[in-house]
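Read through the structure below, which is laid out as structure tokens, and then see the notes.
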There are 2 protein chains.
Amino acid sequence: MNQTEEKILEAAEKVFLKHGYDGSRMQAIADLAGINKAMLHYYFRSKDLLFERIFKEKFSRFFPAIEETFQLEMHFVDKLCIFAEKYIDFLIQNPYLPLFVLNNINKNPDFSKNLPLNMPQLLLQSYLEDVEKGLCKMHQPAQILITVLGICAFPFLAKPMMTLLLGASDEDFFELMQQRKEEAKKQIRILFEV
Amino acid sequence: MNQTEEKILEAAEKVFLKHGYDGSRMQAIADLAGINKAMLHYYFRSKDLLFERIFKEKFSRFFPAIEETFQLEMHFVDKLCIFAEKYIDFLIQNPYLPLFVLNNINKNPDFSKNLPLNMPQLLLQSYLEDVEKGLCKMHQPAQILITVLGICAFPFLAKPMMTLLLGASDEDFFELMQQRKEEAKKQIRILFEV
DNA sequence: GTCTATATCTGGATAGAC
DNA sequence: GTCTATCCAGATATAGAC
């Protein structure tokens, strides 16, 4: 991959993440990359393909490295806590990611194959073991998944609303997210630990 | 407001909510309303103004009728529970609303005036009273706000992801949301009640 | 108020020189 | 590989008849 291609990808990522597919202009990407519009087509043929390239990469990163976490030898709730902390740290670095992924996930119907579909399985298995041992409260697995992801990801989805509601600056928000890591772990323990 | 105008608004709402501003076509709105494209401009001048009309209405409804709930005479946690149940019911009727509002909230910078900015105040006041009485656990108010809204709204933001991850149908999802009401109340009590 | 026809412009994509 | 110039479809918006 040469330098021009990389510059394009970098620019496309920024523009698409901020404005979405429909709101993005090839001209804007070219300008940001400091090259000509024709180059975009030379390297990626079409807007569609360029977008798909960006989306697939972002999508795969949105589904966090949950597998490695859940293969560790520890209690289910401890795994959830480790996951939450790592995930929030990741989202602090990529605050636009959740909204971008959720907006576009339904547009391309053939992304199922990229999905870590064993993720719910891994989670479920680890969960059931600890329920049996009496280490973990009984919940509906789907609700646990929603709840934990929500605790971590919702603040980033709601960032513009929150800064407005609370009259907070960007710095305030990121400070709040630093604290959110401890808050998340506390909540997870209260909710799921026996 | 005559019948044509209403049909347009109805159609515009559906199209904008589903495709967003950039992804929506005036032609699509006209088709859905069963009228001509020119009529849209006759009644609303431009796409921008039509969109703004829809967004403002949706935006004001996204901020739930929290005021009336929080003026009731009861404990803070009970208020949260009532709010959660009402709000999830509302979102079941308007599942696209959260994503739509969060996507566009940053685009129009002058919506601050429409904001129920006394909402955090009302919440805070009720909260502090009960903390003092020892009825409610100590938390950071901003974290409470994020958490409660997240418990209710995140599932709807994540709907496409969830149905994909869980291999669920639309019916399954709405069934899950019905159960979410009880789950939400349970979680709120565990998290915030002494 | 409602329609058809049309003007105008924007933006993705291509041709072709270098 | 990189650029300039250009094509062309599609979208908003308007003109003008009825």
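First the proteins, then the strands, lettered A, B, ... as listed; each starts at 1.
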Would you say C:dG12 has OP1 or OP2 under 4.0 Å from some side-chain N or O of A:Arg25? yes
Pairing donors with acceptors under 3.5 angstrom, does anything connect the side chains of A:Gln179 and A:Glu175? yes
Respond yes when some side-chain nitrogen or oxygen of A:Thr4 is under 4.0 Å from OP1 or OP2 of D:dG1, and no when none is. no
Report the distance from atom NZ of B:Lys37 to atom P of D:dT12, rounded to the nearest whole Å. 7 Å
Spacing of CD1 belonging to A:Ile82 relative to OG1 belonging to A:Thr69, to within rounding of 0.5 Å: 7.0 Å
Figure out the CG/P separation between A:Asn36 and C:dC18, and round it to whole Å. 17 Å
Is the B:Phe59-B:Phe55 ring centre distance short of 6.0 angstrom? yes
Given atom CG of B:Asp22 and atom P of D:dT12, what is their separation to the nearest angstrom? 10 Å
Which whole-number value in Å describes the distance from B:Gln3 CD to C:dG1 P? 13 Å
To the nearest angstrom, the CZ-P distance between A:Phe44 and D:dG1 comes to 12 Å
Once you round it to whole Å, what is the distance between P of C:dG11 and CG of A:Leu40? 14 Å
Mind checking A:Tyr43 for me? I need base, sugar-phosphate or nothing, with any heavy atom below 4.0 Å counting as a touch. sugar-phosphate
In this structure, CZ of A:Phe192 is separated from CG of A:Asp78 (nearest 0.5 Å) by 13.5 Å
Of D:dT12, C:dC3, D:dG1, the nucleotide closest to the side chain of A:Asn2 is D:dG1
For atom CE of A:Met39 and atom C1' of D:dT4, their distance in whole Å: 12 Å
Reading DNA chain C from 5' onward, which residue's closest nucleotide shows up sooner: B:Tyr42 or A:Asp48? B:Tyr42
Does A:His41 make a side-chain N or O approach to OP1 or OP2 of C:dA13 shorter than 4.0 Å? yes
Mind calculating the distance between NZ (B:Lys47) and P (C:dC9) to the nearest angstrom? 18 Å
Is the charged tip of A:Lys47 near the ring of A:Tyr21: under 6.0 Å from the six-membered ring centre and within 45° of its axis? yes
